[in-house]
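Because the structure is predicted, anything quoted here is derived from the model rather than measured.
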Amino acid sequence: MKIIAFTLLASFLLVPGAADAQQGRGARKQALQERLQAADADQDGYISRAEADASLPRLAEHFDRIDADDDDRISRDELRAAASELAGRRRGR
């Protein structure tokens with residue numbers, strides 16, 4: 001379940017085609033972590049709306065839905081919850 005949720009989150013955040021299909025989960029996980037860390041320009045551990053707009057456009061499109069506590073920043077827990085929700089919707093197809 002965690003792997004599925006993570007993979008869905010990675011596909012949600014990474015530009016389509018950016019992760020080579022031959023890469024292992026570890027490499028994709030590392031790429032996602034690096035992308036999130038790079039997007040967190042002020043290194044506060046959160047992705048603000050401005051940071052998402054600047055470097056994560058697909059995340060920015062869904063910012064309000066992911067920002068569950070409406071504090072104008074997205075935490076790791078909120079990202080995990082969004083990935084779980086997406087996984088649930090995809091399983092329900």
Checklist entry - How many angstroms lie between atom CD1 of I47 and atom CD of Q37, to the nearest 0.5 angstrom? => result 10.0 Å
Checklist entry - Between the main-chain N or O of R65 and the side-chain N or O of E78, is there a donor-acceptor pair closer than 3.5 Å? => result no
Checklist entry - For A52 and F63, which heavy atoms make the closest approach, and how far apart are they? => result CB-CD1, 4.0 Å
Checklist outcome for this item: dist R76:CZ -> D40:CG (nearest 0.5 Å) comes out at 8.5 Å
Checklist entry - For the residue pair R35 and S55, what are the closest heavy atoms and their distance? => result NH2-O, 3.2 Å
Item to check | Pairwise distance CG(L59) to CD1(I66) - rounded to 0.5 angstrom | outcome: 4.5 Å
Checklist entry - Heavy-atom count around Y46 OH within 6.0 Å, excluding the residue itself: above 12? => result no
Checklist entry - For the atom pair CD (E51) and CG (D53), what is the distance rounded to the nearest 0.5 Å? => result 10.0 Å
